[in-house]
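Each chain gets a letter, A, B and so on, in the order its sequence line appears, and its residues count up from 1.
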Number of protein chains: 2
Amino acid sequence: MREEIDVFHDLRRRLCSGEFAYGTKLRAEALRKDYDCAASTVRENLLRLSELGLVDFQEQRGFRMPEYAPERQHDITATRIMLESEAACRAMRQGGVEWEAQLSAAHHKLSHIESRMSARGMTEELLRLWSAAELEFHQTLLSACGSPLLMELHLIVYYRYRQVNIEADRALTDLAENIEEHKNILDAALTGDEDLMRRRIYEHFKRHLVLGESAQTTTLVSLAG
Amino acid sequence: MREEIDVFHDLRRRLCSGEFAYGTKLRAEALRKDYDCAASTVRENLLRLSELGLVDFQEQRGFRMPEYAPERQHDITATRIMLESEAACRAMRQGGVEWEAQLSAAHHKLSHIESRMSARGMTEELLRLWSAAELEFHQTLLSACGSPLLMELHLIVYYRYRQVNIEADRALTDLAENIEEHKNILDAALTGDEDLMRRRIYEHFKRHLVLGESAQTTTLVSLAG
DNA sequence: TTTATGGTAAATCACGAAATTATAAGAAAT
DNA sequence: ATTTCTTATAATTTCGTGATTTACCATAAA
């Protein structure tokens with residue numbers, strides 16, 4: 001890799017792409033070659049990413065890809081469900097026809113890519129397109145919620161979610177269900193039924209809730225209440 | 001200031017203390033003198049703080065204290081109400097006697113400091129003690145929620161809340177109400193009534209919801225549902 | 001086999017100088 | 001008078017290095 005790649009965004013992408021195994025040491029001195037820049041530039045960006053929870057940082061001990069932990073996966077997923085439900089429901093209240101149209105458009109693009117994936121299998125290029133389209137769909141879903149901060153927090157959690165569910169994305173095991181779930185979320189949005197939206201969002205993410213009953217109950221309760 | 005002050009934590013404190021007016025430029029070259037370190041060390045920490053939203057950063061244009069905006073204050077406050085309500089209610093479900101005891105203890109310490117403030121007025125030292133005690137009280141309130149990520153997000157919002165409400169803290173206008181409100185939150189926690197807790201939390205923060213009815217309705221609705 | 005100890009290699013951190021870029025001020029042109 | 005260009009100054013970002021700290025591994029002691 002040469003010439004003017006934004007280190008921050010590219011590192012964030014790689015951290016969520018499965019390129020680094022959990023717990024891998026991230027050496028600024030090694031990564032600099034990928035970007036043709038100084039080690040301290042890489043260090044700066046690793047520090048920023050550590051503030052977002054995508055990199056583990058310990059003083060005098062450098063940077064690491066976070067270790068995998070099922071409780072972490074569960075926590076991230078449950079938190080994403082909460083934020084996304086809350087924001088989506090607010091968007092349903094406040095967003096008008098314009099929002100519905102944008103969401104339709106975003107779903108159409110996403111759906112197109114997912115069909116391709118299901119037909120001709122996965123490539124690096126296709127995964128990248130899908131990542132962008134999937135993020136755009138979910139961000140559009142929340143875009144009319146009226147709270148920039150809520151969307152900012154969602155984005156923080158979104159990347160952590162991607163990072164901790166890397167395998168799930170690469171294996172196309174659940175692709176068919178995924179397509180269906182995105183469609184169901186779109187439908188709920190057009191219906192205007194908030195409880196339905198909450199259920200659909202929960203259905204979309206629940207396979208990554210890996211902990212036992214008692215912990216899941218928390219989510220279910222807050223879904224009911 | 002000399003000798004081994006943690007730049008990150010001290011800068012965060014100062015950013016939330018009212019030392020810098022909104023929009024003030026933050027020059028690494030100037031701040032270095034306060035910590036007796038190199039400008040690039042300050043820069044690293046300003047970058048990290050910008051990732052948390054406490055500093056505005058634009059490439060090639062340096063760092064600034066964020067501009068004040070009423071919508072921002074409202075958004076931050078509303079988001080804090082949402083996160084704190086959600087986490088506090090989960091804590092009520094999961095936290096047992098141990099949690100109640102810890103919360104009592106934290107409230108007692110906070111209450112002691114608030115009494116002093118109300119009797120003898122404010123000093124720099126007292127403000128610092130109050131800051132720590134108030135944070136500890138609110139963190140203890142959420143500590144049994146079972147979600148480290150939710151608490152992490154709360155902490156991000158907490159510091160932004162402090163930053164955007166600096167004046168309110170320094171002026172002791174609402175001190176009496178504040179004392180009462182903290183007490184009310186503690187009582188709600190011991191009662192175990194989740195709806196009551198949500199109302200008490202809302203009462204505690206509502207004075208910083210500066211926008212008109214329609215925006216506030218959002219919060220009220222999610223409080224009812 | 002386990003636990004200490006020491007030495008070596010490697011990585012991290014802080015630093016200030018060098019290069020790049022923005023900003024401001026003044027001159028020329030419309 | 002207003003705009004555009006030019007130049008000078010200031011601020012920001014990048015970079016390579018030296019000093020410090022940590023990790024690793026081999027060897028010795030328990």
Side-chain angles (χ1 to χ4, degrees), chain A residues 1-69 159 163, chain B residues 1-16 19-69 160 163:
Chain A
M1 286 192 204
R2 299 284 131 158
E3 289 154 42
E4 295 189 34
I5 294 179
D6 184 52
V7 182
F8 181 82
H9 292 102
D10 193 63
L11 272 177
R12 183 172 63 182
R13 182 189 60 74
R14 293 170 76 187
L15 286 164
C16 299
S17 79
E19 176 174 342
F20 309 112
Y22 298 118
T24 304
K25 209 149 196 318
L26 302 167
R27 272 178 262 273
E29 192 60 43
L31 290 167
R32 65 178 292 191
K33 278 142 196 159
D34 299 335
Y35 302 103
D36 200 22
C37 72
S40 45
T41 303
V42 175
R43 178 186 155 81
E44 260 183 9
N45 286 289
L46 286 173
L47 269 172
R48 293 171 65 189
L49 289 162
S50 78
E51 222 56 53
L52 299 176
L54 296 175
V55 169
D56 265 11
F57 169 67
Q58 280 186 291
E59 219 166 284
Q60 304 292 357
R61 293 196 180 191
F63 303 93
R64 287 178 176 280
M65 176 88 171
E67 291 290 348
Y68 175 79
Y159 284 111
Q163 184 180 53
Chain B
M1 286 192 202
R2 299 283 130 159
E3 290 155 42
E4 297 190 32
I5 293 179
D6 185 50
V7 182
F8 180 82
H9 291 103
D10 193 63
L11 272 177
R12 183 173 63 184
R13 182 189 60 74
R14 294 170 76 187
L15 286 164
C16 300
E19 176 173 342
F20 309 111
Y22 299 117
T24 304
K25 212 149 195 314
L26 303 168
R27 272 179 259 272
E29 193 60 43
L31 291 166
R32 66 178 291 190
K33 277 141 197 159
D34 299 335
Y35 302 103
D36 200 22
C37 72
S40 45
T41 303
V42 175
R43 178 186 156 80
E44 261 183 8
N45 287 289
L46 286 172
L47 271 172
R48 292 172 64 190
L49 289 162
S50 77
E51 222 57 53
L52 300 176
L54 295 175
V55 168
D56 265 12
F57 169 68
Q58 280 185 291
E59 220 165 282
Q60 306 290 359
R61 295 194 178 190
F63 304 92
R64 285 179 178 280
M65 176 88 172
E67 291 291 348
Y68 175 80
R160 294 204 202 182
Q163 185 180 53

Problem set entry | Residue B:Glu44, side-chain atoms from C-beta onward, closest of C:dA22, D:dT22, C:dA14 | C:dA14

Exercise. Reckon A:Ser40 has a side-chain N or O less than 4.0 Å from the OP1 or OP2 of C:dA14?
Worked result: no

For this session: State, with a plain yes or no, whether a side-chain heavy atom of A:Phe57 is found less than 4.5 Å away from one of A:Leu46.
Result: no

Exercise. Rounded to the nearest Å, what distance is computed from the CD atom of residue A:Gln58 to the C1' atom of nucleotide D:dT22?
Worked result: 12 Å

Exercise. Rounded to the nearest Å, what distance is computed from the OH atom of residue B:Tyr35 to the P atom of nucleotide C:dC15?
Worked result: 14 Å

Problem set entry | Distance test, side-chain N/O of A:Arg27 to OP1/OP2 of C:dA11, below 4.0 Å | yes

Exercise. Do B:Arg160 and B:Leu54 have side-chain heavy atoms sitting under 4.5 Å apart?
Worked result: yes

Problem set entry | B:Leu11 and B:Leu26, any side-chain heavy atoms less than 4.5 Å apart | no

Exercise. Side chain of A:Gln60: nearest nucleotide among D:dT21, D:dT14, D:dT13?
Worked result: D:dT21

For this session: Could you tell me the separation between the CG atom of B:Asp36 and the P atom of C:dG16, rounded to a whole number of Å?
Result: 10 Å

Exercise. When all nucleic acid strands are considered with a 4.0 Å heavy-atom cut-off, which category describes A:Glu59: base, sugar-phosphate, or nothing?
Worked result: sugar-phosphate

Exercise. Going by heavy atoms in the side chains, are A:Thr41 and A:Arg32 under 4.5 Å from each other?
Worked result: no

Problem set entry | Distance test, side-chain N/O of B:Lys25 to OP1/OP2 of D:dT12, below 4.0 Å | yes

Problem set entry | Value in whole Å for how far the C1' atom of C:dA17 lies from CD of B:Glu29 | 12 Å

For this session: Would you mind telling me which of D:dT14, C:dC15, C:dA22 lies closest to the side-chain atoms of A:Thr41?
Result: D:dT14

Problem set entry | Residue pair B:Tyr35 / B:Asp10, side-chain heavy-atom distance below 4.5 Å | yes

For this session: Can you figure out which of C:dC15, D:dT21, D:dG16 approaches the side chain of B:Cys37 most closely?
Result: C:dC15

Exercise. When the distance from CG of A:Leu31 to C1' of C:dT12 is rounded to whole Å, what number comes out?
Worked result: 14 Å

Exercise. Taking atom P of D:dA11 as reference, at what distance in whole Å does atom CZ of B:Arg43 sit?
Worked result: 15 Å

Exercise. When you check the phosphate oxygens OP1 and OP2 of D:dG16, does a side-chain N or O of A:Arg32 lie under 4.0 Å from one of them?
Worked result: yes

